[in-house]
Amino acid sequence: MSAADRKRLEETTRYDPAEVEARVFAEWIEGGYFHPPAEGTPEENFSVAIPPPNVTGALHMGHALNGSMQDALVRLNRMRGRNSLWILGTDHAGIATQAVVEKALKAEGKTRQELGREAFVERVWEWKAEYGSRIVEQYKRLGASCDYERERFTLDADYVRAVYRVFKQLYDKGYIYRDNYMVNWDPGSRSAISDLEVENREVEDALYSIDYPLEDSDQVLTVATVRPETMLGDTAIAVNPGDPRYADLIGKRCVLPLVGRRLQIYPDEMVDPAFGTGALKITPAHDPKDFEMGRVLGLEEISVIGPDGRMTEEAGEFAGLTAAEARTAVVEALRAEGRLRGEEPYVHSVPFSHRSGERIEPLISLQWFCRMDELAAPAIEVVERDEVRIQPGQWKRVYLDWMREIRPWCVSRQLWWGHRIPVWYCDPCEETIVAEQAPERCGKCGGELRQEEDVLDTWFSSAIWPFATLGWPDETPELRAFYPTSFLTTAREILFLWVARMIMTGIEFAGDVPFRDVYVHSVIQARDGRRMSKSLGTGIDPLDEIDVHGADALRFGLLAMSSTQDVRFSDAKVEQGRDLANKLWNASRLILLNAAPVEPAPRPLHVEDRWILSRLEQTILSVTEKLETYDFAHAVQEAYSFFWRDLCDWYLEIVKPRLYDGEEEVSATLLYALERVLALLHPVMPFVSEEIWSFHPAHQGHLVVHPFPVADEALRDAAAEEDVESGIELTQKLRAWRDLAGVPAAAVLAATTDGVEPPEFVARLSRFEFDGVGSEPVASIGPVRVLASEQLDGEAVAARLAKRREELQAEVERGERKLGNEGFVAKAPAEVVEEERGKLERYRSELAELG
RNA sequence: GGGCGCGUAGCUCAGUGGGAGAGCGCUCGCUUCACACGCGAGAGGUCGCUGGUUCGAAACCAGCCGUGCCCACCA
């Protein structure tokens, strides 16, 4: 060690992550450790495709947890010498990004329509150039060992090519089609969205009963609805065929109030006679269920609400009103005509846009869809056969249940930012051309072509992330070396949105599953148990945590608090991580500044050496196994406990004298243990471990590529473990006795031992002297007889012991009295009696131990 | 409506058939030559409730209460 290094170690009594992290990270980048060559096979290599964060995004706690898990496994495998690639990149995030830029425009008093499509998209690219790398920089702060030289973006030219190839092939297979169909219309983003982007919320509405007069009759049929404004588009009525009230009305017609349209009354099993009035109005253009019914019956579809959320010309006098305004107006008009029979409060679940937060308007519109059943079939099989293992196990079933019920996917979005759908129309001859590259002219009539205005759902491009990032559709070396990837960690909320779709496209286009393992991690909630969210103000910024406690602390904390169930964010766990980093630093200082200049090697001389080596190898075995099975919480806590309790609290304290003496054997053993502990912890706490490693005498290259320790079974020693652990136990008893007896901390007490001599360290660590001179034994603790001596203030001890004896005596008497009461013994539950007996036993034995 | 999960120490969470645990917090004692982000010693729990299975249940089963999430086209 250089004099400068030694000085730094001597003077730095506190580990300072802020000083270390940027410097160490730069060394890793400079070393090129994160940029593996595209060589070898996927079986030999290790690869992970990061769930691409939104380009608009900032690192949140979910990213930090997910990143900590991925990085732990990537680093572990890199240290094992595997060619390890962690692909990183960002998602163009259509709606979110467009919204951000539109907001900026609005601040300038402009709209995207004023700008025009081309200029707007240009503007978004400018935004991306300026802010798009923010989240990538934030991953670096976390210490993520991604390949920053292979960063990808879902709108890169090559990526677009892959998206178009996929679209074209799906179209050619007949999976992709265009249809006028009912979609979830999001008035907020003015676009259709998929079923998965809809969330249902409980809302209190009113349930209105409206009288529909029967044609050529003075009878009325009363229907119940929560959306009276849509009645203007009614084209039929349905009743349950088994409902005796309406049996004779089936086939007859009603007259639609306000409009006058004639509505046929149909029988339908779906109608619940017990709900409302048992009669259901059918509005095929504005209700998904009515839509389906309408298609079956061939009903007219009359759209009375337009994409702008306002009433259309079809709504007659109500045209131009918003849907909400129209509701009030229609109700008023019905009331005026005496058609409103009733109105009652009604709580039901209503679809809202996950993106804009606005209430979904089910509308019929011309959209592009992708049929999913054929793609789903093999994706179901691979999971059934565990070729893709989804863990924890309950998610496998959730996945399968959803996949088996999968429905067509609406892939078109009425946005400008995204992959513009590769379809061209020729208006004169009505030809539709789907192509990977823009065709010059119509192949049929030579006419001008017009490209589809819509873009693809963002998730359409994310679905091909694991292979598109590796260069697909080209046969690249990266694809050959790293596909399929090794595993995926994910939040469960994107299991369907993303994971399922990757499995489907992977099989279809890349010829294999995209990953072997899917680990669904827990959700870190806010401190109060609420969801962490920016809009609720409950988010905790991982970067703040890194600033204050260091990246290693946050990584350790997140892994420690994660489990299979959702957990609240725990500051204490992050602080535990911070304390661990500091403890590592200081224990290392002790070893590195005092060890004799020797090769690190296990060189056990005494039982404690055999013990710590045995514990070390056991810990390596167990921690490694837990990391490999995604049991991060137990892995890090076990490593923590070994290091802090076994190594620091006991072993270092036991061997300090030997270390200060410059003993070679203990120096070698300590350097060996330190090397292995640093390597073992590196996947979880990369910065502090790398920093300390730079001071280790065996240090040559960086720890990031140092071999990961493999447990050495030859060093396991059950007998040594037993001996030392009983010595530890005795030490603790002796210390407890001292404390109880009020002996000053520094006093060394005289004692003798009875029978087998305990290990040497017991006397030293409990500040006893077993061959000490004394007179009367005043107490016995296990094999140890404490002797009255000069060091022991006989009076103080006697006083303390007497006081304690009194307390115990009182407890014993109380117990004896209780157990002597026949009523209690006979009538009280047996366990209460037993507990009382146990208590009595304990008090009695403690009394005996005090002597 | 269906499904999944959770309820264990003051707090956050482990433990899933045989002696109730961790971290934090709390109490007491330590400026012991790595670390006060430290060291030593403690206190603290009817393991949601009720019933069942078992020699034995925090753990398995049933019901109930509380709580969270996912899926679902009953107006």
Side-chain angles (χ1 to χ4, degrees), chain A residues 9-10 12-15 182 195-196 199-200 205 207-208 223-227 230 238 270-272 274-283 287-293 346 348-349 351 362 392 394-395 397-398 401-402 405 492-493 495-496 522-523 525 527 529-531 549-550 553 557 560-573 575-594 633-634 637-638 640-641 644-645 648-649 652-653 656 659-660 731-733 735-740 742-746 765-767 829 831-832 835 838:
Chain A
L9 265 190
E10 276 168 355
T12 313
T13 59
R14 199 146 159 171
Y15 174 67
M182 174 142 294
D195 295 342
L196 288 173
E199 64 178 70
N200 291 301
D205 277 329
L207 182 66
Y208 299 92
V223 303
T225 181
V226 290
R227 301 206 58 192
T230 66
M270 289 294 284
V271 180
D272 177 2
F275 186 90
T277 59
L280 177 64
K281 70 186 199 61
I282 306 295
T283 319
D287 181 275
K289 184 178 160 188
D290 293 5
F291 173 79
E292 274 179 29
M293 211 181 278
Y346 181 61
H348 63 146
S349 73
Q394 68 258 33
W395 299 107
R397 235 191 69 201
V398 172
D401 287 348
W402 184 78
E405 300 279 314
R492 59 175 164 266
E493 64 196 30
L495 189 61
F496 308 141
S522 55
V523 175
Q525 301 165 331
R527 292 180 249 260
R530 284 191 295 169
R531 203 185 150 67
H549 301 303
M561 72 183 89
S562 76
S563 76
T564 53
Q565 68 160 315
D566 294 352
V567 288
R568 298 175 185 206
F569 183 81
S570 163
D571 297 286
K573 286 284 193 295
E575 284 160 18
Q576 191 182 353
R578 175 204 60 189
D579 294 351
L580 175 59
N582 188 243
K583 188 82 169 172
L584 267 172
W585 175 257
N586 279 295
S588 302
R589 287 173 62 228
L590 173 68
I591 296 169
L592 296 171
L593 290 170
N594 293 287
H634 291 111
Q637 302 198 76
E638 188 165 337
Y640 172 92
S641 161
W644 203 299
R645 301 265 88 88
C648 293
D649 287 353
L652 286 178
E653 294 304 327
K656 260 182 192 172
L659 181 63
Y660 289 142
T731 305
Q732 288 175 319
K733 274 191 179 169
R735 285 167 170 174
W737 183 88
R738 292 175 60 108
D739 213 53
L740 195 66
V743 177
L765 296 187
S766 57
R767 290 179 188 263
E831 60 263 31
V832 176
E835 197 180 329

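Every chain is numbered from 1 and lettered A, B, ... according to where its sequence line falls, protein lines coming before strand lines.
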How close or far is atom P of B/G38 from atom CG of A/Leu580, stated in whole angstroms?
11 Å
Using a 3.5 Å distance criterion without hydrogens, assess whether the side chain of A/Ser588 forms a donor-acceptor pair with backbone atoms of A/Leu584.
yes
Heavy-atom count check: over 12 atoms from other residues, nucleotides or ligands less than 6.0 Å from A/Glu10 CD?
yes
Rounded to whole angstrom, note down the P distance from B/C74 over to B/G5.
24 Å
Heavy-atom side-chain proximity of A/Tyr208 to A/Val226 below 4.5 angstrom
no
When the nearest nucleotide of RNA chain B is assigned to A/Glu653 and to A/Ala572 on a heavy-atom basis, which residue is associated with the more 5' position?
A/Ala572
Whole-Å distance separating the CZ atom of A/Arg568 from the P atom of B/C6:
16 Å
Whole-Å C1' distance, B/G48 and B/G68:
15 Å
Looking at side-chain heavy atoms only, is the closest gap between A/Gln525 and A/Phe569 below 4.5 Å?
no
Flag side-chain contact, heavy atom, 4.5 Å: A/Leu9 against A/Trp585
yes
Using a 4.5 Å cut-off on heavy atoms from C-beta on, say whether the side chain of A/Ile282 contacts that of A/Leu280.
yes
Min side-chain heavy-atom separation A/Thr283-A/Arg227 under 4.5 Å:
no
Side chain A/Arg738, main chain A/Ser766, donor-acceptor under 3.5 Å
yes
Quick one: A/Leu593 CG to B/C35 P, roughly how many Å, whole number?
11 Å
What interatomic distance, in whole Å, is found between C1' of B/G2 and the corresponding atom of B/G21?
37 Å
Measuring to OP1 and OP2 of B/C4, would you say a side-chain N or O of A/Arg397 lies under 4.0 angstrom away?
yes
Just wondering, do A/Leu765 and A/Arg735 contact through their side chains at under 4.5 Å, heavy atoms?
yes
Rounding to the closest angstrom, what is the interatomic distance between B/C39 and B/G19 at atom C1'?
29 Å
With a 4.0 Å cut-off, would you call A/Lys656 and A/Glu653 a salt bridge?
yes
Does B/C39 have OP1 or OP2 sitting under 4.0 Å from an N or O in the side chain of A/Trp644?
yes
State the pairing partner of B/G63; accept Watson-Crick or G-U wobble contacts with both distances under 3.5 Å, and report none otherwise.
B/C49
With rounding to whole Å, what would you report as the distance between B/C6 and B/U12 at their C1' atoms?
14 Å
Side-chain atoms of A/Ala736 come closest, of B/G23, B/G42, B/C35, to B/G42
Indicate yes or no: at least one non-hydrogen side-chain atom of A/Asp287 is less than 4.5 angstrom from one of A/Thr230.
no
Can you check the A/Trp585 CH2 to B/G38 P distance for me, whole Å?
17 Å
As its Watson-Crick or G-U partner within any shown strand, both distances under 3.5 Å, B/A22 has B/U12
Are any of the side-chain nitrogens in A/Asp566 or A/Arg531 under 4.0 Å away from the carboxylate oxygens of its partner?
no
Nearest-angstrom distance, C1' atom, B/G7 to B/U16
15 Å
Between B/U12 atom C1' and A/Glu575 atom CD, what is the distance in whole Å?
12 Å
State, with a plain yes or no, whether a side-chain heavy atom of A/Leu652 is found less than 4.5 Å away from one of A/Ile591.
yes
Under the 3.5 angstrom rule, does the side chain of A/Ser570 hit a backbone N or O of A/Met561 as a donor-acceptor pair?
no
Taking N or O atoms only and anything under 3.5 Å, show me the protein contacts with nucleotides 14-17 of chain B, one pair per line.
unit_1	atom_1	unit_2	atom_2	d
B/A14	OP1	A/Ser563	OG	2.5
B/A14	OP1	A/Gln565	NE2	3.1
B/A14	OP2	A/Gln565	NE2	2.4
B/A14	O2'	A/His634	NE2	2.7

Letter by letter from the 5' end, nucleotides 70-75 of chain B scores (B base, S sugar-phosphate only, - none; protein heavy atoms under 4.0 Å) -SBBBB
Between B/A62 and B/C71, how many Å separate the two C1' atoms, rounded to a whole number?
26 Å
CG of A/Leu495 versus C1' of B/C4: gap in Å, rounded?
13 Å
Please write out each protein N/O paired with an N/O of nucleotides 28-33 of chain B under 3.5 Å, distance rounded to 0.1 Å.
none

Distance, C1' atom - from B/G45 to B/C26, rounded to whole angstrom
15 Å
Grab the CG-C1' distance between A/Asp401 and B/C69 for me, whole Å please.
16 Å
Report the distance from atom CZ of A/Arg530 to atom C1' of B/C6, rounded to the nearest whole Å.
20 Å
Which residue, A/Arg735 or A/Arg645, contacts RNA chain B at a nucleotide closer to its 5' end, judged by nearest heavy atom?
A/Arg645
Under 3.5 Å on both distances, the Watson-Crick or G-U partner of B/U31:
none
Taking pairing as Watson-Crick or G-U wobble with both contacts under 3.5 Å, can you name the mate of B/A43, or confirm there isn't one?
none
